Protein chains: 2
Amino acid sequence: MDDLSFENFKDEALKNTAVKKEYDALGPVFELRRKLIKLRTAKGVTQEQLARIMGTNKSNISRLESGENISYPTFKTISKYAAALGYKVDIEFRPV
Amino acid sequence: MDDLSFENFKDEALKNTAVKKEYDALGPVFELRRKLIKLRTAKGVTQEQLARIMGTNKSNISRLESGENISYPTFKTISKYAAALGYKVDIEFRPV
DNA sequence: ACAGGTGTTATCAAATTTGATAACTTTCAA
DNA sequence: TTGAAAGTTATCAAATTTGATAACACCTGT
């Protein structure tokens with residue numbers, strides 16, 4: 001463990017119900033973002049190039065991938081992003 | 001083939017670029033809807049019960065599952081729906 | 001025929017996402 | 001150092017989704 005103080009802080013913070021709820025809810029979104037970024041960079045495509053293909057602007061791609069305040073993209077946005085890179089979206093549901 | 005006239009009509013319609021684009025774009029959404037409905041009915045849960053758990057109304061569940069005009073739900077809505085039934089969402093990307 | 005349960009549709013306001021533009025930071029190569 | 005490329009952040013308007021309420025349709029068992 002590298003940063004014990006942070007780990008401890010996180011554990012404490014997660015005892016707070018409100019914080020935990022946010023954490024749980026946002027976790028999957030971060031996972032999605034990581035997947036999107038991986039898809040794009042694996043093909044050596046820049047945000048600007050991708051934006052062009054999707055018909056939008058690079059700032060919006062950045063917001064989708066790493067924006068601080070933004071939360072939940074629509075299925076359409078995810079689909080367009082994937083399609084622009086030659087992928088289709090497949091949503092699966094797994095028991096918790 | 002059961003309904004040749006419909007098949008023919010569909011083929012003709014899909015020659016129209018605009019129609020085809022809509023069809024392609026909406027296909028995945030319909031697939032998602034089918035999965036959601038299957039998840040819910042498999043557990044013997046009604047739309048009203050699910051709505052209660054999700055903290056919304058049954059009309060909104062119906063719209064999500066079968067609404068005519070509505071298009072692309074957010075990741076948050078899909079997640080809430082799944083969580084209410086004991087599932088988590090997993091988004092995969094597959095080459096076209 | 002009736003009543004209750006289930007699902008659908010319509011409508012409006014509220015909330016959120018998205019598009020567009022611009023300015024900014026960082027990195028890297030010339 | 002300068003300049004360009006890549007990504008981030010801020011902001012506002014526009015578009016879309018979501019919540020809420022109400023009314024309607026459909027079915028099934030009594």
Side-chain angles (χ1 to χ4, degrees), chain A residues 18 21-85 87 89 91 93, chain B residues 18 21-85 87 89 91 93:
Chain A
K21 220 156 68 177
E22 284 308 307
Y23 184 88
D24 289 347
L26 252 40
V29 173
F30 290 144
E31 188 187 335
L32 171 63
R33 288 178 168 190
R34 280 193 294 272
K35 287 186 181 178
L36 291 176
I37 295 173
K38 193 169 183 181
L39 243 56
R40 178 176 63 79
T41 55
K43 296 221 164 186
V45 176
T46 68
Q47 289 184 345
E48 187 162 31
Q49 290 171 331
L50 180 59
R52 226 176 242 293
I53 302 175
M54 290 175 61
T56 184
N57 308 97
K58 67 173 182 172
S59 61
N60 298 323
I61 304 295
S62 175
R63 177 173 57 189
L64 176 63
E65 287 182 356
S66 329
E68 271 307 323
N69 42 353
I70 267 309
S71 35
Y72 302 99
T74 64
F75 185 73
K76 184 175 194 171
T77 301
I78 301 170
S79 287
K80 273 206 278 189
Y81 187 113
L85 292 168
Y87 293 88
V89 182
I91 299 193
F93 298 94
Chain B
K21 219 157 68 177
E22 286 307 308
Y23 184 87
D24 288 347
L26 255 39
V29 174
F30 290 145
E31 188 187 336
L32 171 62
R33 287 178 168 190
R34 280 192 294 273
K35 287 185 181 178
L36 291 176
I37 296 173
K38 194 169 182 180
L39 244 55
R40 179 176 62 80
T41 55
K43 296 221 165 187
V45 176
T46 68
Q47 289 185 345
E48 188 162 29
Q49 290 172 329
L50 180 59
R52 225 176 243 294
I53 302 174
M54 290 176 61
T56 183
N57 308 97
K58 66 173 184 172
S59 62
N60 297 323
I61 304 296
S62 175
R63 178 175 54 190
L64 176 62
E65 288 183 357
S66 328
E68 271 306 324
N69 41 351
I70 268 310
S71 35
Y72 302 99
T74 64
F75 185 71
K76 184 176 194 173
T77 301
I78 301 171
S79 286
K80 272 205 277 187
Y81 187 112
L85 293 167
Y87 293 89
V89 182
I91 299 193
F93 298 94

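Predicted, not measured: the structure shown is a model, and the values here were computed from it. Note: hydrogens, waters and symmetry copies are ignored here, and every other heavy atom, side chains too, is used. Convention: sequence-line order gives letters A, B, ...; per-chain numbering from 1.
The main-chain N or O of Gln49(A) is found under 3.5 Å from a side-chain atom of Thr46(A) such that the two form a donor-acceptor pair. With hydrogens and angles ignored, the 3.5 Å screen pairs no side-chain donor or acceptor of Glu65(A) with any backbone N or O of Ser62(A). A donor-acceptor distance shorter than 3.5 angstrom exists from the side chain of Lys35(B) to the backbone of Ile91(A), with no hydrogens or angles considered. Side-chain atoms of Thr77(A) never come within 3.5 Å of backbone atoms of Pro73(A) as a donor-acceptor pair (strictly under, hydrogens ignored). Side chain of Tyr87(B) to backbone of Leu39(B): no donor-acceptor contact under 3.5 angstrom is found.
Taking 3.5 Å as the limit, the base of dG19(C) and the side chain of Arg63(A) contain a donor-acceptor pair of atoms between them.
Considering only side-chain N and O atoms, Ser66(B) lies under 4.0 angstrom from the phosphate OP1 or OP2 of dT8(C). When the side-chain nitrogen and oxygen atoms of Thr56(B) are compared with OP1 and OP2 of dG19(D), one or more of them lie within a distance under 4.0 Å. Phosphate contact (OP1/OP2 of dG7(C), side-chain N/O of Ser62(B), threshold under 4.0 Å): absent. For dT17(C), neither phosphate oxygen OP1 nor OP2 lies less than 4.0 angstrom from any side-chain nitrogen or oxygen of Thr77(A). Contact check, Lys80(A) against dG19(C): a side-chain N or O comes under 4.0 Å of OP1 or OP2. The side chain of Arg40(A) contributes an N or O atom lying less than 4.0 Å from OP1 or OP2 of dG7(D).
Mapping Gly67(B) and Thr74(B) onto DNA chain C via the closest heavy atom, the residue that lands nearer the 5' end is Gly67(B). Heavy-atom distances to DNA chain C give each of Leu64(A) and Ile61(B) a nearest nucleotide, and the one nearer the 5′ end belongs to Ile61(B).
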Identify every side-chain donor-acceptor pair in residues 52-61 of chain B under 3.5 Å, counting partners at least two apart or on other chains, and give the distances.
residue, atom, partner, partner atom, Å
Thr56(B), OG1, Asn60(B), ND2, 2.8
Asn60(B), OD1, Arg63(B), NH2, 2.9

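Between the CG atom of Asn60(B) and the P atom of dA10(C) there is a distance of 15 Å, rounded to whole Å. For the pair Glu65(A) CD and dT18(C) C1', the interatomic distance rounds to 15 Å; values are reported in whole Å. Separating the CZ atom of Arg52(B) from the C1' atom of dA20(D) is a distance of 14 Å, rounded to the nearest angstrom. Atom CG of Leu50(B) is separated from atom P of dG19(D) by 11 Å (rounded to the nearest Å). Rounded to an integer number of Å, the gap from CD1 of Ile37(B) to P of dT6(C) is 16 Å. In this structure, the OH atom of Tyr72(B) is 15 Å from the C1' atom of dT17(C), given to the nearest Å. Atom-to-atom, OH of Tyr81(A) to C1' of dG19(C) comes out at 17 Å; the value is rounded to the nearest Å. Whole-Å rounding puts the Glu48(B) CD to dT8(C) C1' distance at 13 Å.
Residues Val45(A) and Leu50(A) share a closest heavy-atom pair of CG1-N, 3.7 Å.
Of the candidate nucleotides dT17(D), dG7(D), dT21(D), dT21(D) has the atom lying nearest to any side-chain atom of Asn57(B).
Here the straight-line distance linking atom CD1 of Ile78(B) with atom CZ of Phe75(A) works out to 6.5 Å at 0.5 Å rounding.
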Are there any protein N/O atoms within less than 3.5 Å of an N/O atom in nucleotides 22-27 of chain C, and if so, which ones and at what distance?
none

task: Please assess Gln47(B) against Arg40(B) for the test side chain to side chain contact (heavy atoms under 4.5 Å, CB included), listing each intermediate value before the final yes or no.
output: CA-CA 8 Å; Gln47(B) 289 185 345; Arg40(B) 179 176 62 80; 3.6 Å; yes
task: Mind running side chain to side chain contact (heavy atoms under 4.5 Å, CB included) on Val89(A) and Tyr81(A) for me, showing each step along the way?
output: CA-CA 9 Å; Val89(A) 182; Tyr81(A) 187 113; over 6 Å; no
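Between the two ends of the helix from dA1(C)-dT30(D) to dA30(C)-dT1(D), each summarised by a five-pair axis, the helix axis turns through 40° (rounded to 10 degrees).
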